[in-house]
Amino acid sequence: MNQIPDRFDHATAAGQITEAWEKARCGHAEVNPDRKPFTIVIPPPNVTGALHLGHGLNNTLQDIVIRTRRMQGYEALWMPGTDHAGIATQAVVERRLKEQENLSRHDIGREGLVERIWQWKDQYEKRILGQLKRMGCSCDWERTRFTLDERCATAVRATFFDLFSKKLIYRGKRLVNWDTFLQTAVSNDEVENVTKKGHFWHLYYPVIAAKPGEPDRVEIATTRPETMLGDTAVAVHPDPAAALDKIEAELRQKRAEASEKDQADIDSELEKLAQRRESMLPQLLQLRDMALDGRKLMLPLVNREIPLIADEWAKPEFGSGCVKITPAHDPNDYEVALRAQLSMINILQPDGTLNREGGQYEGMTIPAARKAIVADLDKIGLLGDVEDRDIELPHSDRSKTPIEPYLANQWFVAMDELAQSAMDAVSSDKVEIFPERYRKGYLDWLGEKRDWPVSRQLWWGHRIPIWSQTGLGESDSQEIVQQLESLTDGNGGLSHRVDSTEDGTHHVFVCLRDEDDPREAKLEAIGFTRDPDVLDTWFSSALWPHSTLGWPNQTKELEYFYPTSALITSRDIITLWVARMVLMGLNNVGDIPFRQVFIHPKILDGNGETMSKSKGNGVDPIDVIDKFGPDALRFGLARLATDTQDVRMPVQYECPHCEKLIDQTKKNRALPRIDCPGCGKAFSTQWAETEADKSLLRGLVVSERFETARNFVNKLWNAARFSLMNMDGYQPQSVDVSSLPLEDRWLLSRLATVTKQVTEGVEHYRYAEVTRVLYDFAWDEFCSFYVEIAKPRLADEQQRPIVQSMMAHGLDTLLRLLHPTMPFVTEAIWEGLAGAAPKRGVPEPVAAADFAMIAPWPESNQSDYNESIEQQFAEFQEVVGAIRKIRASQNIPPRETVPVAIRCNPEAQSRLQPMKAYFAGLAGADVIELGPDAKAFETDAPLALTSIEMDVHVDLEKFIDVDAELSRLEKLLSQLIKQITGKQQKLGNDNFVSRAPAEVVDRERESLGDLQRQHESVQGDIERLRSKSKES
RNA sequence: GGGCGAUUAGCUCAGUUGGUUAGAGCGCCACGUUGACAUCGUGGAGGUCACAGAUUCGAAUUCUGUAUCGCCCA
């Protein structure tokens, strides 16, 4: 047995274990009427790139639950897969195309680009699934899905068709962040604001039919003068006086609380405000009245009449107090237009040049048009001042070009009823959300019931299955509808709607349910064209829990595994994903997608920032696995997963040459190569792109946070090693629990308690608690205590067999409890234990399962639980601790045995009597006196254990270091005095004595008495020692 | 601007319903290796529980406000 190495070689073992599990199909789940199902669908990671520690946490927590449930006898299915992630993936591939081949997506065309993205997807899907497997995730890999695969496509088409047929899908306009370079809309989080130097142009718009005394023109100011071509109103504040009052009040409030230095600044602001009130307010009031009276303005250059309106968006404290409204090209103006029901005029083409609405400027780029318009306004005397100014301009994160807000046709899903159904599911607790506080965000967001824009101007995704003809006259549209009837004839799967617009034209939209429907060609033959857009990536994600199980087919898997049991995810996608899964599940299947949702914390870096690829602070879990092992990664993450606190994880680069750890900082975190400050050699990072950098050795990115867990793996491994080395001659045997010695019954009791805590903990997602309980039990109780006590017993031929049975059983139970968190090391030990003790268990040994992974979950045997034994051992450990303290303070060499006397009441005496022998191994003590009459030694070192009413005395005859002992006792004395004074004060307080519960008061009195008794005794000891030291 | 959360030892975090001296791991100090484990063992030092009020006999814990940080939404 000595050939067992003293380290767990995870690098070798993990691969073999994974292979063995796969071969035995341990992670595979099948419809099985004999068992209850337990299902988790993975939040499918984006195929944009590799997984980082956040995914590591998410998947560890899922695996802990699914492994536990599998062991509990459920048919446990963890459905794996990946997400095509629309824009994120397309943008990554497009960027590479540009960088590496200098091609745009238009150069290679739709099919060409999509093919490239599939190649990318194949590469990253493989990498992601490989990462999950190395973490030990026990997914049912045979069922792996992708949100863009055929099965998901079928589900998407069926859903879209259903919603379209129910008239829940409609076409509308919406402002999007338009990237004129990539010619696509980008999402809000792909937009970054850049401060640039620009101008603030003041323009004048003439008033039509101004009444006497009214101004004949209004002044507005803008940073984007070319957008005036799309203006449909000018706004002035409806109550400028009140608005100014409010600002003034706020300033005064601020001033009252500000420092003197800031007060001066605020004073000057107040001054300006007062001037403004004087110079401009009358005019603003007049303009407001003109607006209410329906006055119109003439938009210069295009000569279009536009209304003057009153709207709060106009800020009386800024510029001229009037603001031009360009609804199609400014988000705030868009809101104004919705309120005032203004028309919206889009002046841009997708490539950023002006369209027909631009009139004489049609075809110009934005900068050219700006120049021309400013010059032309100047010519006709309508240009005022031009100020220099810093301007915050939104830029596309992907192309680094300015974003143009752009009003485009989009498909929407009407959310009213769908959202309500998803709200009801949570309000009624059919879907439970943990921690509960996240319910509010979910309900608030859904409560807005904002329609969901689902179209994206991209090529990577599920293409919208709509064919359309637009701008038709009424008779044409009627004729087309008739043609459609003949196509519909007898076949389902075709639905249409006709929209009529303000200008009297008609649009006909047709939706086809099935792919490869021969009617596609027929539609196109009669003039229909297919919508070029694809669906929002969340549309397919929303179907994930049922599409992966085969919906819309009524498969037996859907019947059995749906609704799924738990969803474990991160808080930032509660609305985008979780809410939409609920409403889509209810709409499609008629039932909720999952019963419970657990929201776990986020992993932040050392600066408290979330980890993300774009920041460069992501950590590859594989790096951590390489250094610490998969079990350490998992245990380390799980023990940090509390439900209140995000996880802060400072990380370091490890120099591959000298192993020096270099803190990751904001500066170095995105570098492709780093020069080691220790050895001076360079190494590469995950950002290495050039061949020169890539040829360097790569530095791992790791965190010392995983050391504790790695050490724990080692501790467990060595406890097992000790057990196995002492298993020679093991024979399975029935055990009569009632006749077992105390320490064995204590172990059984503790196992029962720990099993209960762990089981309940996992069932309530209390990961940090579960890992803490297991860590403390395994380390402090099983290893430091049971194993230590077992050592002398194993040497005793009589006791040896029972200790072997108990140890095999204890280890076996511990392995099973730890398996979901640390699958590899427990599986490896399980195999070793199978060799030494294939049949094991207390009271009746049974043959162990082939794998820990499929072993039955331990039952908490309540008859094993024995409170008094657990207390007794706590008492014993306290005495051991007291002896150790005295030994340490006296510098008694560890090999020396010291005589000890323990004074205690008769009850404690009978409890400790059977354990006298174990003081030797644990504290190097020979207990020569135990009981009420035990006396102090001549050369005595005492320590009182108040809480258990005991005095421990160590005989220092051979070891006395008077000075050391005196200083220990004096320190003790001063601590006692402090406590006594505190208690006396408390008990001297009438309020306390009269109002606190009698029980609390009694406890205080009792404890004061004990402290005083100790005080006296310690004082006596000090005096004795002093006189003794004088004698010698 | 609205909502949510956090603030406890040098660092990263626990702290159940208010009640003895507020805990753990890492780090630090001292001592210790002839067989499970130095990825170890034993002991020690280290905290005005962010700040200010309030409730209470008693507050890390409950309430109010302030500050700082983070996240989500506008």
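For clarity, every value in this text was computed on a predicted model and none was experimentally measured. Chain naming here is simple, since letters A, B, ... match the order of the sequence lines and numbering starts at 1 in each.
Taking atom P in both rC71(B) and rG27(B), the straight-line distance is 30 Å, to the nearest Å. Rounded to a whole angstrom, the distance from the C1' atom of rA67(B) to that of rA50(B) is 8 Å. One C1' atom belongs to rU55(B), the other to rG2(B), and the distance between them is 30 Å to the nearest Å. Rounded to a whole angstrom, the distance from the P atom of rU48(B) to that of rG23(B) is 15 Å. The gap from the P atom of rC73(B) to that of rG10(B) amounts to 36 Å, rounded to the nearest Å. Going from the C1' atom of rA14(B) to that of rU56(B) covers 26 Å, rounded to whole Å. rA24(B) sits 15 Å from rG15(B) when the P atoms are compared, rounded to a whole Å. Spacing of P atoms, rA45(B) relative to rG35(B), comes out at 31 Å, to the nearest Å.
Note on Arg1005(A): nothing from the nucleic acid sits closer than 4.0 angstrom, heavy atoms only. Among the atoms of the strands shown, none is found under 4.0 Å from any heavy atom of Gln985(A). Among the atoms of the strands shown, base atoms are found under 4.0 Å from some heavy atom of Gln979(A). As judged by a 4.0 angstrom heavy-atom cut-off over every strand, Val647(A) is placed among residues touching the sugar-phosphate backbone only. As judged by a 4.0 angstrom heavy-atom cut-off over every strand, Thr642(A) is placed among residues touching the sugar-phosphate backbone only.
The separation between Ile829(A) atom CD1 and rA36(B) atom C1' is 11 Å, rounded to whole Å. As rounded to whole Å, 15 Å separates atom P of rU21(B) from atom CD of Glu878(A). Note: CG (Leu661(A)) to C1' (rC11(B)) measures 15 Å, nearest angstrom. Rounding to whole angstrom units, CG of residue Asp6(A) and P of rU39(B) are separated by 10 Å. When the P atom of rC37(B) is taken as reference, atom CG of Asn718(A) falls 6 Å away, rounded to whole Å. Remark: P of rC13(B) and CG of Leu637(A) are 13 Å apart, rounded to the nearest angstrom. Rounded to a whole Å, the CG atom of Leu716(A) is 17 Å from the P atom of rU39(B). Rounded to an integer number of Å, the gap from CH2 of Trp717(A) to P of rG35(B) is 20 Å.
Lys791(A) forms a cation-pi arrangement with Phe722(A), by the criterion of a distance under 6.0 Å to the ring centre and an angle within 45° of the ring axis.
For RNA chain B, each stem of at least three Watson-Crick or G-U pairs (distances under 3.5 Å) is given as range with range: B:1-7 with B:67-73, B:10-13 with B:23-26, B:28-32 with B:40-44, B:50-54 with B:62-66.
In this structure, Asp646(A) pairs ionically with Arg571(A), as a charged nitrogen and a carboxylate oxygen lie closer than 4.0 Å.
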Would Phe712(A) and Thr771(A) count as a side-chain contact (heavy atoms from CB on, under 4.5 Å) here? Give the steps.
CA-CA 11 Å; Phe712(A) 181 52; Thr771(A) 48; over 6 Å; no
Check the pair Thr665(A), Asp663(A) against side-chain hydrogen bond (donor to acceptor under 3.5 Å, both in side chains), reporting the backbone distance first and the verdict last.
CA-CA 6 Å; Thr665(A) 61; Asp663(A) 284 345; over 6 Å; no
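A distance-only check finds no donor-acceptor pair linking the side chain of Arg1013(A) to the backbone of Gly1009(A) [under 3.5 Å]. Under the 3.5 Å distance criterion, the side-chain polar atoms of His52(A) are matched with a main-chain donor or acceptor of Gly54(A). In this structure, Asp631(A) contributes its side chain and Val825(A) its backbone to a donor-acceptor pair below 3.5 Å. A donor-acceptor contact shorter than 3.5 Å links the side chain of Asn718(A) to the backbone of Asp6(A). A donor-acceptor contact shorter than 3.5 Å links the side chain of Asp623(A) to the backbone of Val701(A).
Other residues, nucleotides and ligands contribute only 12 or fewer heavy atoms inside 6.0 Å of the CD atom of Glu659(A). Heavy-atom contacts from other residues, nucleotides or ligands closer than 6.0 Å to CD of Glu448(A) number more than 12. More than 12 heavy atoms of other residues, nucleotides or ligands shown are found within 6.0 angstrom of NZ on Lys627(A). Around CD of Glu831(A), the count of heavy atoms belonging to other residues, nucleotides or ligands within 6.0 Å does not exceed 12. Counting heavy-atom neighbours within 6.0 Å of Glu763(A) CD, excluding the residue itself, gives a total above 12. Applying the 6.0 Å contact sphere to CD of Glu896(A) captures more than 12 heavy atoms from other residues, nucleotides or ligands.
Sorted by first and then second residue, the pairs that involve residues 968-977 of chain A and meet side chain to side chain donor-acceptor pair (under 3.5 Å), not counting sequence neighbours, are Glu965(A)-Arg968(A), Glu970(A)-Arg1026(A).
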Encode nucleotides 40-49 of chain B as B, S and - characters from 5' to 3', where the letter depends on protein heavy atoms closer than 4.0 Å: B to the base, S only to sugar-phosphate, - to neither.
SSSSSS----
Between protein and nucleotides 17-19 of chain B, what N or O pairs are separated by less than 3.5 Å?
from: rG19(B); atom 1: O2'; to: Arg1003(A); atom 2: NH2; distance (Å): 3.0

Any protein N or O atoms within reach of nucleotides 2-5 of chain B? Criterion: under 3.5 Å, listing atom names and distances.
from: rG5(B); atom 1: O2'; to: Thr644(A); atom 2: O; distance (Å): 3.4

Between protein and nucleic acid, restricted to nucleotides 67-71 of chain B and to nitrogen or oxygen atoms under 3.5 Å apart, what atom pairs and distances do you find?
from: rC71(B); atom 1: O2'; to: Arg571(A); atom 2: NH1; distance (Å): 3.3

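Judged by distance alone with a 3.5 Å cut-off, no donor-acceptor contact links the side chain of Glu448(A) to the base of rA74(B).
If Arg772(A) and Glu704(A) are placed on RNA chain B by their nearest nucleotide, the residue sitting closer to the 5' end is Arg772(A).
The aromatic rings of Tyr786(A) and Phe782(A) sit parallel, their planes meeting at an angle under 30°, below the 60° perpendicular limit. Using cut-offs of 30° and 60° on the angle between ring planes, the pair Phe598(A) and Tyr767(A) is tilted.
The side chain of Ala719(A) lies closest to rA36(B), out of rU39(B), rU12(B), rA36(B). Among the nucleotides rA36(B), rA14(B), rC26(B), the one closest to the side chain of Lys791(A) is rA36(B).
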